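This one's a predicted model, so the numbers in the text were calculated from it and none came from an experiment.
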Amino acid sequence: QVQLVESGGGLVQAGGSLRLSCAPSPRAFGSAAMGWFRQAPGKEREFVAAITGSGSGTYYADSVKGRFTISRDNAKNTMYLQMNSLKPEDTAVYYCAAKSGAYYRTYVRATDYDYWGQGTQVTVSS
């Protein structure tokens with residue numbers, strides 16, 4: 001059974017930074033294509049960023065481009081989302097996701113992913 005465990009959420013002022021982490025288990029699953037999504041109250045889950053299994057390819061939603069950076073350290077079996085210049089509209093529950101059997105592409109649709117974490121709350125105050 002694959003599990004994804006997120007950490008790093010919290011409360012931050014507008015303009016501040018947070019770094020989210022996601023660690024898949026079992027360890028061998030760490031080379032799969034992965035992504036971050038978010039869901040604000042009353043809204044649908046939306047794509048934030050995606051990364052290939054090797055980490056060489058990334059893709060971002062326009063709303064976070066230039067402010068967020070997705071990365072992964074396969075040796076540490078961990079994916080990250082560095083969030084800078086945070087805005088109140090970034091407030092949401094953030095989820096990491098993994099797609100089994102995928103290594104070379106990025107994926108932007110929630111339905112493309114097979115496994116999801118439990119989510120971590122990010123709150124940005126104005």
Side-chain angles (χ1 to χ4, degrees):
Q1 179 70 25
V2 174
Q3 292 183 330
L4 304 178
V5 181
E6 301 118 333
S7 61
L11 173 64
V12 64
Q13 288 187 334
S17 298
L18 282 174
R19 188 176 79 159
L20 306 182
S21 299
C22 174
S25 175
R27 184 181 181 88
F29 198 72
S31 60
M34 299 186 71
W36 289 97
F37 289 75
R38 66 187 181 186
Q39 188 166 18
K43 295 187 177 181
E44 294 186 352
R45 190 169 297 190
E46 66 173 356
F47 169 76
V48 175
I51 190 166
T52 59
S54 66
S56 61
T58 58
Y59 190 78
Y60 297 91
D62 288 343
S63 59
V64 306
K65 200 173 296 182
R67 299 187 299 122
F68 291 10
T69 302
I70 188 172
S71 63
R72 66 192 300 163
D73 184 338
N74 285 347
K76 295 183 178 179
N77 195 39
T78 304
M79 176 180 68
Y80 305 97
L81 184 68
Q82 177 67 44
M83 305 185 294
N84 298 330
S85 301
L86 282 161
K87 305 175 181 180
E89 51 263 45
D90 294 318
T91 295
V93 177
Y94 283 71
Y95 299 89
C96 71
K99 179 174 176 59
S100 60
Y103 187 79
Y104 296 105
R105 283 185 53 192
T106 54
Y107 298 84
V108 301
R109 298 182 304 178
T111 53
D112 288 328
Y113 290 87
D114 305 303
Y115 302 99
W116 292 84
Q118 80 288 352
T120 185
Q121 177 70 47
V122 171
T123 303
V124 184
S125 63
S126 57

Problem - Non-neighbouring partners of R19 that pass salt bridge (charged side-chain N to carboxylate O under 4.0 Å, His left out), sequence neighbours left out - result: none
Problem - Hydrophobic cluster membership, V108 vs V48, 4.5 Å side-chain cutoff - result: no
Exercise for the section: State the CG-CG distance between L11 and L18, to the nearest 0.5 angstrom. Expected result: 8.5 Å
Problem - Path from V122 to L81 over hydrophobic side-chain contacts below 4.5 Å - result: yes
Practice task
Using side chain to side chain donor-acceptor pair (under 3.5 Å) as the criterion, list what pairs up with S54, not counting sequence neighbours.
Solution key: T52, S56
Fill in the blank from the handout: R72 and A32 have their tightest heavy-atom pair at NH1-O, 2.7 Å
Exercise for the section: Please answer: with hydrophobic residues joined when any side-chain heavy atoms are less than 4.5 Å apart, are F37 and Y94 in the same cluster? Expected result: no
Completion exercise
Quick note, disulfide (SG to SG under 2.5 Å) partners involving residues 33-65, not counting sequence neighbours, are none
Practice task
Apply ring-ring contact (aromatic ring centres under 6.0 Å, His included) to F68 and list each qualifying residue two or more places apart in sequence or on a separate chain.
Solution key: none
Handout entry: pair R105-K99: side-chain heavy atoms closer than 4.5 Å
Key = no
Practice task
Under the salt bridge (charged side-chain N to carboxylate O under 4.0 Å, His left out) rule, collect the residues that match up with K65, sequence neighbours excluded.
Solution key: D62
Exercise for the section: Output the distance between atom OG (S126) and atom CD (Q13), rounded to the nearest 0.5 Å. Expected result: 9.5 Å
Handout entry: Residue pairs fulfilling disulfide (SG to SG under 2.5 Å) with at least one residue in residues 56-126, sequence neighbours excluded
Key = C22-C96
Handout entry: Residue pair R67 / Y60, side-chain heavy-atom distance below 4.5 Å
Key = no
Problem - Rounded distance [0.5 Å steps], CD in Q3 versus OH in Y115 - result: 11.5 Å
Completion exercise
In short, salt bridge (Lys or Arg N to Asp or Glu O under 4.0 Å) pairs touching residues 40-58 with sequence neighbours left out are R38-E46
Handout entry: Partners meeting ring-ring contact (aromatic ring centres under 6.0 Å, His included) with Y95 (sequence neighbours left out)
Key = none
Handout entry: Qualifying residues under salt bridge (charged side-chain N to carboxylate O under 4.0 Å, His left out), relative to E89, sequence neighbours excluded
Key = none
Fill in the blank from the handout: Going by chain and number, the hydrophobic cluster around Y103 (ILVMFWY, side chain to side chain under 4.5 Å) further includes Y104
Exercise for the section: For D112, enumerate each residue passing the salt bridge (charged side-chain N to carboxylate O under 4.0 Å, His left out) test, keeping only those at least two apart in sequence or located in another chain. Expected result: R109
Handout entry: Residues clustered with Y80, ILVMFWY side-chain links under 4.5 angstrom
Key = none
Problem - Residue pair V124 / D90: nearest heavy atoms and the distance that separates them - result: CG2-CB, 4.3 Å
Practice task
Is it possible for you to say whether L4 and I51 belong to one hydrophobic cluster, with membership spreading through side-chain heavy-atom contacts below 4.5 Å?
Solution key: yes
Handout entry: Side chains of V12 and M83 in contact at under 4.5 Å (non-hydrogen atoms)
Key = no
Handout entry: Single-linkage hydrophobic cluster, 4.5 Å side-chain cutoff, Y59 and Y107 together
Key = yes
Exercise for the section: Determine whether M79 and I70 make a side-chain contact, defined as any pair of heavy atoms from C-beta on separated by less than 4.5 Å. Expected result: yes
Practice task
Measure across S17 and Q82 and return the closest heavy-atom pair with its distance rounded to 0.1 Å.
Solution key: CB-NE2, 4.0 Å
